[in-house]
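Worksheet: the structure to be examined is printed underneath.
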Amino acid sequence: MKTTSRRVRSLAYLDGTGHDAVEVGAKAAFLDRVLGDGYPMPSSVVVTAAAYTRVVEERSISLMLKDLRTSALPDPHRAQSEAAAIERAFMNVVLPDPLQRSLQRIADELLSDSSATVHASVVNEGLERNGTPGQYPSISGIADFSGLTRAVR
């Protein structure tokens, strides 16, 4: 039986062509629509939902997330330490090569003359059960590839 490798698009440039919210998230899809309507906006690139899914399929993170989904809510006194453990896992995960290469290309293209800001979001941000706008961090002053990969993590 022949197997095919699935190609995952790691990044999507917001260019006003109408990106799908399932691919880039509701916020980015909206910003892409605004750009398509002719409103000015800084150059914007989005890590796709597919790229994120590949990262969370990494064994250490997938096991941690599975445990979170199946366990009771943590004791409020331990919530901060558990959140820190999740952040450490994401900061230490090896990003897939296609995503690494795409981030390097973005760093080379966009960070040679200026710095950037990374805004964190989720695909379905804004839906009642999935967090609220502004819940996730924004990291400004990113000037190089190392800072970009750290911010994306």
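Other residues, nucleotides and ligands place no more than 12 heavy atoms under 6.0 Å from the CD atom of E87.
V152 is listed as a side-chain neighbour of L103, based on a closest heavy-atom distance under 4.5 Å. Between V47 and V118, the closest side-chain pair of non-hydrogen atoms is not below 4.5 Å.
Side-chain N or O atoms of T48 include one that pairs as donor or acceptor with a backbone N or O of R9 at under 3.5 Å. Using modelled atom types, one side-chain atom of N92 and one backbone atom of R88 make a donor-acceptor pair closer than 3.5 Å. Distance alone, capped at 3.5 Å, is enough to place a donor-acceptor pair between the S62 side chain and the R59 backbone.
Side-chain contact, D144 with S146: no donor N or O sits under 3.5 Å from an acceptor N or O. E109 and Y13 form a side-chain donor-acceptor contact under 3.5 Å, judged by distance and modelled atom types alone. Counting only N and O atoms by type, the side chains of S60 and E58 include a donor and acceptor under 3.5 Å apart. Residues R153 and T149 have side chains that never bring a donor and an acceptor to within less than 3.5 angstrom of each other.
Summarising the geometry, atom CZ belonging to R54 is positioned 8.5 Å from atom CG belonging to D97; distances are rounded to the nearest 0.5 Å. Atoms OG and CG, from S115 and L110 in turn, are 11.0 Å apart once rounded to the nearest 0.5 Å. The structure places CG of D32 at 9.5 Å from CD of E23, a figure rounded to the nearest 0.5 Å. With rounding to the nearest 0.5 Å, the separation of NE2 in H19 from CZ in R33 is 13.5 Å. Rounding to the nearest 0.5 Å gives a distance of 9.0 Å between OG of S43 and CG of L35. Between the CD1 atom in I106 and the CZ atom in F145 there is a gap of 11.5 Å [rounded to 0.5 Å].
Placement of F90 and V94 in two distinct hydrophobic clusters is found when ILVMFWY residues are connected by side-chain heavy-atom separations under 4.5 Å, directly or transitively. The hydrophobic clustering, which links ILVMFWY residues whose side-chain heavy atoms are closer than 4.5 Å, places I86 and Y52 together.
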Audit row: I61, L63, side chain to side chain contact (heavy atoms under 4.5 Å, CB included) steps and yes/no = CA-CA 5 Å; I61 292 181; L63 290 173; over 6 Å; no
T117/I139 under side chain to side chain contact (heavy atoms under 4.5 Å, CB included): CA gap, chis, key distance, verdict | CA-CA 5 Å; T117 299; I139 301 168; 6.0 Å; no
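The shortest non-hydrogen separation linking A116 to L111 is CB-CD2, 3.5 Å. Across all their heavy atoms, D15 and T17 have their closest contact at OD1-OG1, 2.6 Å. What you find for P98 and S10 is that their closest heavy atoms are C-OG, 3.6 Å. P96 and V55 get closest at one heavy-atom pair: CD-CG2, 3.6 Å. Annotation for L11 and S102: closest pair CD1-CB, 3.3 Å, computed over non-hydrogen atoms. A pairwise comparison of heavy atoms in A29 and V24 identifies N-CG2, 3.7 Å as the closest pair.
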